[in-house]
Amino acid sequence: MSEVVAYKDSNNNYWDTEVENSTPIKHKSEDALNIMRHDMAHILAEAVISLFPNAKPTIGPFIKNGFYYDFDLESTLSDDDLENIEKKMKEILLEGRDFLKRAVSKKEALEIFKDNKYKLELINNLDNSDEITLYEQNNFTDLCKGPHHKSTKDYKASFKITSVSGAYWRGISTNKMLQRIYATAWYSEKELRVYLKNLEEAKERNHRRLGTDMGLFLLTDLSAGNVFWKDKGLTLYQNIEKYIRSEQQKLNYFEVKTPELVSNELWIKSGHWDNFKENMFTSETDNKTFALKPMNCPCHIVLFNSQLITYKDLPLRYSEFGKCHRYEPSGALNGLFRVRGFTQDDAHIFCSGDQIYDVCNETTQLIERVYKKFGFEKIKYNISTRPEKSIGTQENWDNAENQLKKVLKDNNKEFNILEGEGAFYGPKIEYTLEDSLGREWQCGTIQIDFNLPDRLGAKYKDKDDKNQVPIMIHRAVVGSLERFIAIILENTNGWLPLFVTPIQLAILPVSEKFVDHSNQVKEELQQLGVRTIVDSSDNKLGYKIRNSVSKKIPYSLVMGEKEIESKSFTLRSNEGKNTSFDDIKLLSNFFVSN
RNA sequence: GCCGCCGUAGCUCAGUGGUAGAGCACACCCUUGGUAAGGGUGGGGUCGGAAGUUCAAUUCUUCUCGGCGGCACCA
């Protein structure tokens with residue numbers, strides 16, 4: 001067995017022979033793991049073909065944590081089928097397979113795969129200059145550019161089929177839907193078990209379950225994609241809003257509230273009616289057509305246009321916790337992550353071209369401050385630049401892109417540039433945060449807009465008393481409050497930051513005798529701004545503690561003879577640590593100042 | 001929207017062609033208890049909705065609504 005498995009070029013493409021600027025891939029490295037997963041995809045295909053001879057294999061790449069393979073099959077795969085496939089794969093691995101590479105002519109390839117229209121399509125799409133290679137193992141041959149290990153005997157593979165789902169051929173929704181088998185694969189049984197355990201852990205942390213257990217919200221088929229907030233959930237929601245509001249006030253934002261239902265006259269002018277009508281909820285009333293706003297920006301321009309604005313007013317910052325509705329396809333709905341009615345922590349900043357830097361600088365710092373406050377330290381930054389189809393002068397684009405880059409550089413941020421990925425109306429920065437399970441969530445955004453103010457007739461007077469069209473900067477910090485709440489719930493497993501958590505403290509009377517006193521303490525703490533409850537149930541202390549912990553209440557206060565006599569407060573954290581406070585004010589400060 | 005799976009008590013779930021069961025939660029009683037489950041008794045379900053097959057449907061079939069895992073979509 002060779003220590004070098006394959007080669008990697010400067011574009012992170014894998015090759016089985018050395019190419020220009022390539023580096024060797026060492027046995028059992030991260031790259032080798034990917035190659036092993038690709039090997040396993042071939043093993044999966046062989047197993048499927050042996051059990052379902054009429055199955056048409058299509059493509060089967062490695063992915064994060066594993067691999068998949070898409071098949072066109074006559075029947076749908078059941079759980080039993082998956083078990084049998086897995087069993088077959090294990091048999092194959094026990095026998096071991098050597099992967100033999102063979103280069104063929106296009107004509108030969110077309111002949112070999114004449115019964116598989118998918119492979120034929122792939123072959124016909126190859127450039128004539130491309131080498132066509134096959135990998136063979138046992139009696140299974142696949143069209144594949146490789147590379148592969150020489151043999152499955154070079155390593156021990158621990159894998160598990162995780163799911164089967166539909167997937168469109170070539171990812172195009174008008175194409176036939178194939179059956180995709182997902183699996184995970186590792187070099188050891190231990191790593192496999194750890195991965196599967198993490199999957200379980202993620203399931204446990206599911207925000208829907210936490211939302212039910214903690215009594216935060218209700219999702220019902222009475223309004224799919226819309227949230228019924230319960231009192232505790234609304235407290236959380238309002239606390240987040242309150243915190244962001246206070247940060248925005250420091251930056252001279254003007255908070256506004258615009259209607260959710262607006263005449264389509266506005267949407268026609270803004271262009272949304274032409275482009276997104278299908279995704280808007282509409283209503284016919286008084287012989288007029290209205291639509292629930294899918295975004296706030298046109299409404300903010302309506303406000304902007306209602307007054308005479310001069311250069312002295314700029315930058316003018318309108319913020320809104322704006323309730324927006326979008327008709328999302330039924331299959332896209334997903335708990336609080338993807339809903340039809342959501343609240344953007346939105347703002348539109350009207351400014352002149354030379355104010356872009358300052359505005360974006362304060363905004364990027366705001367975004368980072370807010371993420372930190374919620375415990376997110378790892379943030380990724382992307383700048384998206386001018387796409388082919390776009391409006392605005394090259395000068396404006398260059399200016400805006402350069403200022404965005406300068407902002408991130410001056411703040412010592414590393415960032416990726418996504419060439420041509422900007423919106424047609426301007427470039428943007430996107431902020432992606434990483435949670436404690438390693439998942440990434442794109443939340444914040446800053447988008448420069450050269451289009452909408454002009455389109456809706458926004459103008460301000462410059463120093464020479466001439467009308468100018470302002471530049472509008474769209475920005476959101478957490479994006480959608482609903483989605484952000486789901487993210488922080490899963491990130492913390494329900495142990496929300498103290499300053500937003502709906503109930504901060506549970507007072508636990510040791511027996512009924514202390515309930516009255518507990519209620520008095522609760523009243524006092526409530527007056528001091530602490531969110532607290534008393535557990536006056538007829539349960540023992542241990543039971544009450546267990547209860548408050550399982551409801552994710554971060555602190556409890558045991559109330560009994562000792563506490564009343566010593567006139568002190570012993571705070572118990574959910575992990576069981578105790579801290580003593582001599583005075584109720586000091587105790588309340590612990591909660592209020594956090 | 002598409003493919004697959006799923007929908008039974010407030011929650012988590014079991015179950016059957018003859019109209020249902022567990023644990024937790026809840027109520028009441030006993031216990032007045034000191035840091036993660038004390039004991040007993042009891043109430044609670046049009047088995048997501050509609051239609052069909054059948055002597056009989058929660059169970060089988062079709063349609064429909066909703067959820068989940070993906071795919072597609074995400075201004």
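A, B, ... follow the sequence lines: proteins, then strands. Residue 1 opens every chain.
Minimum atom distance to the side chain of A:Arg338 is reached by B:C73, of the listed B:G69, B:C73, B:A72. Closest to the side chain of A:Ala224, from the set B:U31, B:G66, B:C11, is B:G66. Among the nucleotides B:A75, B:A72, B:G69, the one closest to the side chain of A:Pro329 is B:A72. For A:Tyr425, counting side-chain heavy atoms from C-beta on, the closest listed nucleotide (B:A75, B:G33, B:C73) is B:A75. Listed candidates were B:U35, B:A72, B:C71. Nearest to the side chain of A:Ile545 is B:U35. Comparing atom distances between the A:Leu541 side chain and each of B:U35, B:G66, B:A36 picks out B:U35 as nearest. The listed nucleotides are B:G33, B:G66, B:A75; the one nearest the side chain of A:Asp221 is B:G66. Looking at the side chain of A:Val558, the nearest of the listed nucleotides B:A75, B:U35, B:G33 is B:U35. For A:Asn334, whose side chain is taken as the heavy atoms from C-beta onward, the closest listed nucleotide among B:A36, B:C71, B:C68 is B:C68. Looking at the side chain of A:Ser511, the nearest of the listed nucleotides B:C30, B:G34, B:U32 is B:U32.
Looking at A:Arg340, its side chain has no donor and acceptor atom pair within 3.5 Å of the base of B:C74. Interface remark: the A:Glu563 side chain does form a donor-acceptor pair with the B:G34 base, using a distance-only criterion of under 3.5 Å.
As rounded to the nearest Å, B:G52 and B:C13 have C1' atoms that lie 30 Å from one another. Taking atom P in both B:A72 and B:C60, the straight-line distance is 33 Å, to the nearest Å. Comparing the C1' positions of B:G18 and B:U59 gives an interatomic distance of 11 Å, to the nearest angstrom. For the C1' atoms, the distance linking B:C11 with B:C74 amounts to 33 Å, nearest Å. Taking atom P on both B:U62 and B:G7, the two are 16 Å apart, rounded to the nearest angstrom. Straight-line distance between the C1' atoms of B:U41 and B:A57: roughly 35 Å, to the nearest whole Å. Here, B:G44 and B:G49 have their C1' atoms 22 Å apart, quoted to the whole Å. Taking the C1' atoms as reference points, B:C47 lies 10 Å from B:A9, given to the whole Å.
Side-chain nitrogen and oxygen atoms of A:Tyr327 include at least one within less than 4.0 Å of the OP1 or OP2 phosphate oxygen of B:G1. A close approach under 4.0 Å does not occur between any side-chain nitrogen or oxygen of A:Arg326 and OP1 or OP2 of B:C74. In this structure, A:Ser330 reaches the B:G1 phosphate: one of its side-chain N or O atoms is under 4.0 Å from OP1 or OP2. A sub-4.0 Å separation between OP1 or OP2 of B:C73 and a side-chain N or O of A:Tyr168 is absent.
Look at CD on A:Gln179: it is 17 Å from P on B:G70, rounded to the nearest Å. A straight line from CG of A:Asn275 to C1' of B:C74 spans 14 Å, rounded to a whole angstrom. If you take CG of A:Leu82 and P of B:C5, they are 11 Å apart, rounded to a whole angstrom. As rounded to whole Å, 15 Å separates atom C1' of B:C74 from atom CE of A:Met280. A:Trp169 has its CH2 atom 19 Å from the P atom of B:C3, to the nearest Å. Per the geometry, CG belonging to A:Asn279 stands 13 Å off P belonging to B:G1, to the nearest Å. One can place CG of A:Asn226 at 12 Å from P of B:G66, the figure rounded to the nearest angstrom. If you take CG of A:Asn175 and C1' of B:G1, they are 15 Å apart, rounded to a whole angstrom.
Within 6.0 Å of the NZ atom in A:Lys230, the count of heavy atoms belonging to other residues, nucleotides or ligands exceeds 12. Residue A:Lys269 qualifies as open at atom NZ: its count of foreign heavy atoms under 6.0 Å is 12 or below.
For B:C28, the paired base is B:G40 (Watson-Crick or G-U wobble, both distances below 3.5 Å). Of all nucleotides present, none satisfies the Watson-Crick or G-U wobble test against B:U58 with each distance under 3.5 Å. B:A22 and B:U12 make up a base pair, with Watson-Crick or G-U wobble contacts both under 3.5 Å. Across the strands present, B:C63 finds its partner in B:G49; the criterion is a Watson-Crick or G-U wobble pair with both atom distances under 3.5 angstrom.
Counting heavy atoms from C-beta outward, A:Val558 and A:Lys544 have side chains that stay 4.5 Å or more apart.
A:Thr343 contributes no side-chain N or O that, together with a main-chain N or O of A:Phe321, makes up a donor-acceptor pair within less than 3.5 Å. The closest donor-acceptor contact from the side chain of A:Asp345 to the backbone of A:Ala476 lies at 3.5 Å or more, if one exists at all.
Salt-bridge check for A:Lys203 with A:Glu200: passed, with a basic side-chain N closer than 4.0 Å to an acidic carboxylate O. The pair A:Lys87-A:Glu83 does not meet the salt-bridge criterion, since no charged nitrogen lies less than 4.0 angstrom from a carboxylate oxygen.
With RNA chain B read from its 5' end, the first of the two nearest nucleotides for A:Arg572 and A:Met177 is the one closest to A:Met177. With the nearest nucleotide of RNA chain B identified for both A:Glu512 and A:Pro294, A:Glu512 has the one nearer the 5' end.
Under a cutoff of 6.0 Å and an axis angle of 45°, A:Arg180 and A:Tyr68 form a cation-pi pair.
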